[in-house]
Trainee: 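Dumping the structure here so I can ask a few things about it.
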Amino acid sequence: MDFRLTHTDTASNARAGVIFTDHGEIATPVFMPVGTVGTVKAVHIRDVAEDVKARIILGNTYHLYLRPGLDILKEAGGLHKFNGWSKPILTDSGGYQVYSLAHRRKMKEEGVVFQSHIDGSRHMFSPEKVMDIQRVIGADIIMAFDECTPYPCEYEYARKSMELTHRWLDRCIARFDETENLYGYRQSLFPIVQGSIYRDLRIKSAEKIASCGADGNAIGGLAVGEPIETMYEFTEMVCNILPKDKPRYLMGVGTPANILEGISRGIDMFDCVMPTRNGRNGMIFTSNGIINLKNEKWKADFSPLDPDGLSFVDSAYSRAYLRHLFVAGEMLGPMIASQHNLAFYLWLVDEARKRIIDGSFAEWKSQMVVKLVQRI
RNA sequence: GUGGUUUUAGCUCAGUAGGUUAGAGCGUCUGAUUGUGGUUCAGAAGGUCGUGGGUUCGAGCCCCAUAUUCCACC
């Protein structure tokens, strides 16, 4: 994987570039739809590519390992062949599940013992094993095994957690370097900055990650409940330490406004469940603000879902019809809303990219963030 | 016709020995959701307890009448 930085904004830290992978190019900044179990929930792969215009999607090590399992993925020839997505894929390492499934795991120096959320069976995840699994899944970009530090957390816990993540990172790199890709295309390993919201820890972690010389670098442990201004502050601080000539990935973020603020601080890659999860529950994001489709006020609003939207669903369906689908519990509702939201997120990062290139990003961003958080 | 039974929130039902502002689940209406457990969580609105009398300091609960649901018998 290679990265070429092509434009740098003068009024902010925003940048535009291109990531080159064996499955094609990724123009940045980019939003990556989440496809935890090998599918972007509720959206056909053709629509993810052609209508949403996604350039790369995510998968999750923990979920794919449990189901369908490594034997099937290997026999299929990797995730790309299994799910029919021929563009780049990034897999999260399962580090987030260390955090989100905290009640079902035990942490040790060696790794983490998980209890499956599917059948309760126990599984050991170590840095080495997580590298091996991600080799089998075959993502273009794979993530180091980390602990996503919870928030709030005491300084000592944050320090020890960060140090553990660093030791695990060294083991990830060692294992990654002594193994090879299985399907004939390159894979890149991204390390992850932790350190909670302690400045000295974040700086230390960012320096550690920067020293690895990885193809790209990620920031984890943010957007876990801390004040939004804190998230921006730490994003900016870490970006200033991470190498300029490598892509920076802010994990798990976020709302449309969060993404523009992240871009302006030097982030190139984002992923978030929000467009799909909230979409499945009737919330859609537009350039004029947020719509809760379940609200009674849309009952007889026959105007297009989003008159400014580029997805075909935006003009094909009305708000009243979509509200009806949600109220009736019809599965087409979540499908349409997910597709709209993803198309909107991709439009947002594409528009940001254009503005960075033509020099109007900072001004545009400050106008947009006000509109994006409005409730319609 | 006789005996028994049912009636409490939009729906399905709890309401203990008569005792302050009658509860739940679902539904409805609002919020929340940030490296996804097709969710989950939080809050709100909504009832003259079938109707009319009576007993009592006090009745959803006891008594009478009446309507109503279902059952059995003639």
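Since the structure is predicted, the reported quantities are computational estimates derived from the model, not experimental observations. Numbers restart at 1 for each chain; the letters A, B, ... are given by sequence-line order, proteins then strands.
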Trainee: How far, in whole Å, is B:A14 from B:A9 if one measures between their C1' atoms?
Mentor: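 Approximately 13 Å lies between the C1' atom of B:A9 and that of B:A14.
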Trainee: Taking atom types as modelled and ignoring hydrogens, do the side chains of A:Asp271 and A:Tyr249 form a donor-acceptor contact shorter than 3.5 angstrom?
Mentor: yes
Trainee: Classify A:Gly221 by what it touches in the nucleic acid, base, sugar-phosphate, or nothing, heavy-atom distance under 4.0 Å.
Mentor: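 Touches a base.
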Trainee: Take the angle between the ring planes of A:His23 and A:His80 and call it parallel below 30°, perpendicular above 60°, tilted in between.
Mentor: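 Correct class here is parallel.
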Trainee: Taking the C1' atom of each, how far is B:G15 from B:U55, in whole Å?
Mentor: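 To the nearest whole Å, 23 Å.
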Trainee: Listed in order of residue number, which residues of residues 19-55 of chain A have a non-hydrogen atom at under 4.0 Å from RNA chain B?
Mentor: A:Val34, A:Thr36, A:Lys41, A:Ala42
Trainee: Consider the side chain of A:Met283, meaning its heavy atoms from C-beta on, and name the nucleotide among B:U34, B:U33, B:G31 that approaches it most closely.
Mentor: B:U33
Trainee: Less than 4.5 Å apart, side chain to side chain, heavy atoms only: is that true for A:Phe114 and A:Leu66?
Mentor: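 Heavy-atom side-chain distance check fails, nothing below 4.5 Å.
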Trainee: Does OP1 or OP2 of B:U36 have a side-chain N or O of A:His63 closer than 4.0 Å?
Mentor: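 No, outside the criterion.
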Trainee: Nearest to the side chain of A:Asn278, which nucleotide is it out of B:U33, B:G35, B:C29?
Mentor: B:U33
Trainee: State, yes or no, whether a side-chain contact exists between A:Lys354 and A:Glu351 at a heavy-atom distance under 4.5 Å.
Mentor: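 They are in side-chain contact.
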Trainee: A:Ile290 CD1 to B:U30 P: how many Å, rounded?
Mentor: 16 Å
Trainee: For B:A65, give its Watson-Crick or G-U wobble partner with both distances under 3.5 Å, or none.
Mentor: B:U51
Trainee: Measure from the side-chain heavy atoms of A:Glu296 and tell me the nearest of B:C29, B:U34, B:G37.
Mentor: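 Shortest atom-to-atom distance from the side chain points to B:C29.
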Trainee: From the options B:U36, B:U34, B:G35, select the nucleotide whose nearest atom is closest to the side chain of A:Leu58.
Mentor: B:G35
Trainee: Side chains of A:Arg167 and A:Glu163: does their closest heavy-atom pair fall under 4.5 Å?
Mentor: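 Side-chain contact under 4.5 Å: yes.
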Trainee: Are more than 12 heavy atoms, taken from residues, nucleotides or ligands other than A:Arg199, located less than 6.0 Å from that residue's CZ atom?
Mentor: no
Trainee: Name the nucleic acid region contacted by A:Asn258, choosing base, sugar-phosphate or nothing; use a 4.0 angstrom heavy-atom cut-off, strictly under.
Mentor: base
Trainee: So, does A:Asn292 get its side chain near the phosphate of B:A32, meaning an N or O under 4.0 Å from OP1 or OP2?
Mentor: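 So the side chain of A:Asn292 is outside the cut-off, no N or O lying under 4.0 Å from OP1 or OP2 of B:A32.
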Trainee: Expressed in angstrom and rounded to an integer, what is the separation of A:Leu64 atom CG from B:G35 atom C1'?
Mentor: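 Taking atom C1' of B:G35 as the reference, CG of A:Leu64 is at 14 Å.
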Trainee: Does a distance-only test, which skips hydrogens and angles, find a donor-acceptor pair under 3.5 Å between the side chain of A:Arg277 and the base of B:U34?
Mentor: no
Trainee: Hey, which of these two, A:Pro334 or A:Val273, hits RNA chain B nearer its 5' end, going by closest nucleotide?
Mentor: A:Val273
Trainee: Which nucleotide, B:U39, B:U34, B:G35, lies nearest any side-chain atom of A:Asn281?
Mentor: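 The listed nucleotide nearest to A:Asn281's side chain is B:U39.
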Trainee: Any base atoms under 4.0 Å from A:Glu147, or only sugar-phosphate, or nothing? Heavy atoms, all strands.
Mentor: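 Contact class for A:Glu147: none.
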Trainee: Counting the atoms with a prime plus P, OP1 and OP2 as sugar-phosphate, which does A:Ile192 contact under 4.0 Å by heavy atoms, base, sugar-phosphate, or nothing?
Mentor: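 Contact class for A:Ile192: base.
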Trainee: Mark yes or no: A:Arg353 above the aromatic ring of A:Phe361, with NZ or CZ under 6.0 Å from the six-membered ring centre and no more than 45 degrees from the axis.
Mentor: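 No, cation not above the ring by the 6.0 Å, 45° rule.
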Trainee: When the distance from OH of A:Tyr99 to C1' of B:G37 is rounded to whole Å, what number comes out?
Mentor: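 One finds 15 Å between C1' of B:G37 and OH of A:Tyr99, rounded.
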Trainee: Please confirm whether the shortest side-chain N or O distance from A:Arg323 to OP1 or OP2 of B:C29 is below 4.0 Å.
Mentor: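 Yes, because at least one side-chain N or O of A:Arg323 sits under 4.0 Å from OP1 or OP2 of B:C29.
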Trainee: Take atom CG of A:Leu101 and atom P of B:G35, then tell me their distance rounded to the nearest Å.
Mentor: 13 Å
Trainee: Which nucleotide, B:U36, B:U30, B:U34, lies nearest any side-chain atom of A:Thr276?
Mentor: B:U36
Trainee: Across the strands shown, which category fits A:Ile219 at heavy-atom distances under 4.0 angstrom: base, sugar-phosphate, nothing?
Mentor: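 Touches nothing.
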Trainee: For a quick check of understanding: with a heavy-atom distance under 4.0 Å over all strands, which category does A:Arg375 fall into, base, sugar-phosphate or nothing?
Mentor: sugar-phosphate
Trainee: Any salt bridge between A:Arg135 and A:Glu180, counting N to O under 4.0 Å?
Mentor: no
